[in-house]
Amino acid sequence: MHKCSLLLPVLFLQALSYNYSSINLPDEHLLYFFRNLPQLTERCLKDKECLFKEHLNKDRCWGYEHDCEWTKQYSIPACPGDHKGWVKSKFAQQTTFHTQADFGYVKEQIKEMKMMCDPLFPDDSSLECSEHLRFCRARNIMMNFTKLAHRDEPIRYKMDVLGDGDIGGYCELHRDKLLKEADHISPLQSWGPELRYFTKLKRRPIVQGDCDVVVEKPTFVMKIDATVNMYHHFCDFLNLYASLHVNTTDEYTFSTDVNVLIWESFEYRSAFGDTWEAFTEHPLWDLKTFKGRTVCFKNIVFPLLPRMIFGLYYNTPIIYGCERSGLFDAFSKHVLHRLKIPLYHRKNKMIRITVISRNTKYRRIVNEEELLKAIKKNDQYEVKRVVYDRDMSFKKQLEITRNSDVFIGIHGAGLTHLMFLPPWAVLFELYNCEDTSCYFDLARLKGVKYITWQKADKIKSFEDGTYKGGAHAKFANYSFDVEEFTRLVDIAAKHVKNHPEFQDFVKRAAKKESILHEEL
Ligand SMILES: *[C@@H]1O[C@H](CO)[C@@H](O)[C@H](O)[C@H]1NC(C)=O
Ligand SMILES: *[C@@H]1O[C@H](CO)[C@@H](O)[C@H](O)[C@H]1NC(C)=O
Ligand SMILES: *[C@@H]1O[C@H](CO)[C@@H](O)[C@H](O)[C@H]1NC(C)=O
Ligand SMILES: *[C@@H]1O[C@H](CO)[C@@H](O)[C@H](O)[C@H]1NC(C)=O
C-alpha cells in the first residue's frame, strides 16, 4: 500500500516559494513542463511576475502521463517503412517503437514502479524501483562508505562497493520482492549489485544523527560507461535525461540544483564533460568524496543505466521502419539549450556541409583534399572541414554540428554528434567499416536521414600492418572515388533542400532579414 500521500503537504509548501526564473527549459518544452504541474500553473496565472502565461493550459503531453492521448503527445513516431512481420498493423509498429525507444520507455518504468521499502511516517525512509532495479528512488536512506577507506585499488565497474548492511533505511522492507528483482547482476545493467544489500535499520538514520554527512539536495548516483567515447558517454547522458522524466513529480524535476555522485573513485575526466551543465550546477562527486564516512541522502535517484538489457540506446532492439524518437529530440534540445549552443540565422539557401576529418591512426580519408575540392565546386554548398579533437572545445563542436545540414564522416564515435543536427539534416557515414547498424540506428532514433557508401568497388583500403589485432575494417585508412562521393553528397543536399522544415527555416530567416533591411 502507498503511504506517499503523507508527503503531499510538503510539496505544496515548496510551491509557495517557487522561483520561476530557475526553470531554464527550451521554449518548446515549457508547455509540457507546466502541463504536469496544475498547482504551479494556477500560481503562474495569478502571478504578475510569471512570464510563462502563453505556455499554460495546453493539452499536450510528453507521452508517458497516464492520461496522455496518443495524438497529443510530444511526437508521434514516423514509421514509413515496412515492419517485416514484427507486428500486425502500422499503429502497433508505432507503439512498439514508442515503447522501445521513446517516451513509452519512460511510461513503462513508471508503470513498473514498486515500493521495496515502505515508509509509515514522513521522516521514514523509502525505496521504490522499476523491474530488475533499472531505476530506483529513495528517501532518507543511509550509505556506509567506511570500508572504502581501506581500499587502495581504484574503483570502476565494481559490484562490491557496498556490502551487507552498507545501505539501508528505516522502513518496511520487502526483502524477497527486492531480491527477486535483483536478477541483472552486472555493473552497468541495474542497481541490483548495490541494492541487494539494502537492510532495514533499527532507527531513523537522519533523525537519530547516525550519519557523518546528511545530503539535503536531490542526488543522482551515476554508474557511467566509457567517458572517452562520445557514443558511450552520451548513452549515460541520455539515460540520465530519461530518468528525469521517470521521476517527474514536482516543479524541481529539471532543476540543476542537484548533486551527481559518480560511482567510481577515478577523477572524472572527459572531453564531453561540458554536458553536465545540462544537469547540475554543482561540482561532480565521486566515491573519494565520501570514503570512510556514513552518508544520509534525503532524496536520491538511481537512474537508468547505459547497458541495461533492452535499454536505451546501446544494443536497443528497434523495430524496422520507424524513426524519430521524441525522447531523443527532447534530449537534444535540452542539452543545446542548457549549454547555450547558438543556432545561426541564414542569409541564403546554401547547404552547409561539414566534413569531419580524423587526426587518428586509423580510418583516415587518404584523398580528403580531392573530395573536398570536388564538392566545393558546387556554389550551392558551403563546405567546412573540421577536426573535432581536444584543440576545439566541445561546445564549439556542438555549435558547428547544430548549424550543419549535411554531416560527413567515416565510422567513429564522433558521429554521435548527429544527435545535435537539425531535423532536416543528413548524416553521411562515408564508410561504416562493416558496423552497419550503429549510426544507422542512432540516426533513426534522432530522426535525421542516414546515407552511407554503397559501391564496394569504389573504395580502397590501406592497411599498414601495424595493428596487432589482425586485419579489420576499423583499422585501415580509406580512399573514396570522387565522382561517387559527389553523387552521394548531391543526394544528401537534395534531401535537405526538399525538407519542409528546412524550407520553413530559410523562409523565416529571409523574412527576418527583409524586416531588418526595411528598418535600416
Ligand atoms: C532565482 O533563480 C535564478 C536563476 O537560477 C537566480 O539567479 C536567482 O538568484 C533566484 N532568485 C531567488 C530570489 O532565489
Ligand atoms: C559503518 O560500517 C562500519 C564498518 O563496516 C561499522 O563499524 C559502522 O558501525 C557502520 N556505521 C553505521 C552508522 O552503521
Ligand atoms: C523524485 O521523485 C520523488 C517523489 O517520489 C520526489 O520527492 C523527488 O524530489 C524526486 N527527485 C528529483 C531529483 O526530482
Ligand atoms: C593512416 O594514415 C595515418 C596518417 O597518414 C598514418 O599515420 C597511419 O599509419 C595510417 N594507418 C594505416 C592503418 O595505414
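As the structure lists them, so they are numbered: ligands from 1, and atoms in each ligand from 1.
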Worksheet item: For ligand 4, which atoms, with element, lie under 4.0 Å from some heavy atom of Phe462?
Response: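 So the atoms of ligand 4 that pass are 12 (C), 13 (C), 14 (O).
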
Worksheet item: Of all the atoms in ligand 4, which lie at a distance below 4.0 Å from a heavy atom belonging to Phe475?
Response: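 Atoms satisfying the 4.0 Å criterion: 13 (C).
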
Nearest candidate to [atom], where distance is taken over non-hydrogen atoms, out of [options]:
| atom | options | result |
| --- | --- | --- |
| atom 13 (C) of ligand 3 | Ser126, Pro218, Pro303, Ser255 | Pro218 |
| atom 14 (O) of ligand 3 | Val246, Thr219, Asn259, Asn247 | Asn247 |
| atom 2 (O) of ligand 4 | Asn477, Asn359, Ile365 | Asn477 |

Worksheet entry | Phe145 six-ring face occupied by Arg293 cation (under 6.0 Å, within 45°) |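 Negative - Arg293 is either too far from the ring of Phe145 or too far off its axis.
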
Worksheet item: Would Lys107 count as a cation-pi partner of Trp62, with NZ or CZ less than 6.0 Å from the six-membered ring centre and within 45° of the ring normal?
Response: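 Not satisfied by the 6.0 Å and 45° rule.
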
Worksheet item: Any sub-3.5 Å donor-acceptor pair from Lys158's side-chain atoms to Trp263's backbone N or O?
Response: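 Not confirmed, Lys158 side chain does not pair with Trp263 backbone.
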
Pairing donors with acceptors under 3.5 angstrom, does anything connect the side chains of [X] and [Y]?
| X | Y | answer |
| --- | --- | --- |
| Ser357 | Arg385 | yes |
| His337 | Asn24 | yes |
| His174 | Asp118 | yes |
| Tyr252 | Ser22 | no |

Item to complete: Quick one: sort the Tyr314 and His232 rings into parallel, tilted or perpendicular, breaks at 30° and 60°.
Response: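 Answer is tilted, since the angle falls between 30° and 60°.
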
Worksheet item: Taking N or O atoms only and a 3.5 Å limit, does Tyr252 qualify as a polar contact for ligand 3?
Response: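 In fact, backbone or side chain, Tyr252 has no N or O that close.
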
Discussion item. If I apply the N/O under 3.5 Å rule, does Thr253 come out as touching ligand 3?
Written reply: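 No; every N/O pair is 3.5 Å or more apart.
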
Item to complete: If you have a sec, work out which protein heavy atom is nearest atom 5 (O) of ligand 2 and how many Å separate them, to one decimal?
Response: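 The protein heavy atom lying closest is Lys147 CE, 3.8 Å.
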
Worksheet item: Got the closest protein heavy atom to atom 8 (C) of ligand 2, with its distance?
Response: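 Nearest neighbour among protein heavy atoms for atom 8 (C) of ligand 2, to 0.1 Å: Asn144 ND2, 3.8 Å.
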
Discussion item. As an exercise, identify every atom of ligand 3 less than 4.0 angstrom from a heavy atom of Phe220.
Written reply: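 Those qualifying, in numeric order: 13 (C).
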
Worksheet item: For ligand 3, which atoms sit closer than 4.0 Å to a heavy atom of Asp250?
Response: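 That gives atoms 9 (O) of ligand 3.
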
Fill in: Check: Phe254 ring centre within less than 6.0 Å of His245 ring centre
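Phe254 vs His245: aromatic centres under 6.0 Å.
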
Fill in: Side chain, backbone, both or neither: Lys361 near ligand 4, heavy atoms under 4.0 Å
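Backbone only.
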
Fill in: ligand 3-proximal atoms of Asn299, by part, heavy-atom distance under 4.0 Å
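It is the side chain that gets close, since no backbone atom is under 4.0 Å.
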
Practice prompt. Enumerate the atoms of ligand 2 whose separation from the nearest heavy atom of Asp210 is less than 4.0 angstrom.
Written response: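 Counting from 1, the qualifying ligand atoms are 13 (C).
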
